[in-house]
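Following: one structure in C-alpha cells, then a few remarks.
On a predicted model such as this, the values are computed, not experimentally measured, just so you know.
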Amino acid sequence: MSMRDLILTAKRQKIEIKIWSVCLFFAFLMNIISIIIYETSWSELWTQALWMLVLSCIFYGLTVLFRLLYKGFSLLLRKEE
C-alpha cells in the first residue's frame, strides 16, 4: 500500500460527509422519538446535542466497520475464484 492509496479525494470526502450526515439525522430522530415517548421537555432537543453528536459518531464508526468487513469478504471471495 502506497501513500497514494491513503489520500482521500474530494468525491470520497463528500460521500463520507453524506454518510455521517445520515448518521447525525438518525441520532437526532432518536432524540425526538425519546422526547415523545418519555414526554420530556423539548428543550432536551438542544441540551442533549452533545450526546446526539457522540451517538452519530458511534453510528458512523459502525458503518465504517461494516464497510470494512464487506470489503474484506469481497476481496476474499474474489481471491478464491
Side-chain angles (χ1 to χ4, degrees):
M1 178 180 282
S2 67
M3 277 302 276
R4 192 174 6 175
D5 294 339
L6 299 177
I7 295 175
L8 290 174
T9 62
K11 181 180 177 182
R12 188 73 211 166
Q13 287 175 351
K14 287 179 185 178
I15 291 170
E16 295 300 321
I17 289 171
K18 287 178 185 177
I19 292 171
W20 181 74
S21 297
V22 169
C23 294
L24 184 62
F25 170 77
F26 280 116
F28 189 75
L29 186 64
M30 284 180 61
N31 194 14
I32 290 174
I33 291 170
S34 67
I35 289 171
I36 292 170
I37 289 174
Y38 295 108
E39 298 175 357
T40 59
S41 171
W42 282 97
S43 65
E44 286 193 23
L45 195 60
W46 307 115
T47 59
Q48 299 299 321
L50 180 63
W51 288 110
M52 287 189 303
L53 182 64
V54 169
L55 188 60
S56 71
C57 291
I58 292 170
F59 287 161
Y60 181 76
L62 287 173
T63 64
V64 169
L65 176 69
F66 286 125
R67 288 186 287 162
L68 286 172
L69 287 172
Y70 175 77
K71 183 75 171 178
F73 283 131
S74 64
L75 286 174
L76 281 174
L77 292 175
R78 206 175 295 155
K79 284 185 178 181
E80 288 180 1
E81 293 177 0

Single-linkage hydrophobic cluster, 4.5 Å side-chain cutoff, [X] and [Y] together:
| X | Y | answer |
| --- | --- | --- |
| W20 | L62 | no |
| F25 | F59 | yes |
| L55 | Y38 | yes |
| I15 | Y60 | yes |
| I19 | V64 | yes |

Taking C-beta and beyond as the side chain, do [X] and [Y] meet within less than 4.5 Å on heavy atoms?
| X | Y | result |
| --- | --- | --- |
| F26 | S56 | no |
| V54 | C57 | no |
| M52 | W46 | no |
| F28 | L45 | yes |
| I32 | W42 | yes |

At what distance, to the nearest 0.5 angstrom, does [atom1] of [X] lie from [atom2] of [Y]?
| X | Y | atom1 | atom2 | value |
| --- | --- | --- | --- | --- |
| N31 | I35 | CG | CD1 | 4.5 Å |
| L68 | T63 | CG | OG1 | 9.5 Å |
| L77 | K79 | CG | NZ | 11.5 Å |
| I33 | I37 | CD1 | CD1 | 6.5 Å |
| S34 | E44 | OG | CD | 7.0 Å |

Look only at the side chain of T9 and the backbone of R12, and say whether a donor-acceptor pair between them is shorter than 3.5 Å.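 Here the side-chain-to-backbone pair exists.
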Tell me whether E16 is salt-bridged to R67, with the criterion being a basic N under 4.0 Å from an acidic carboxylate O.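 So E16 pairs with R67 through a salt bridge.
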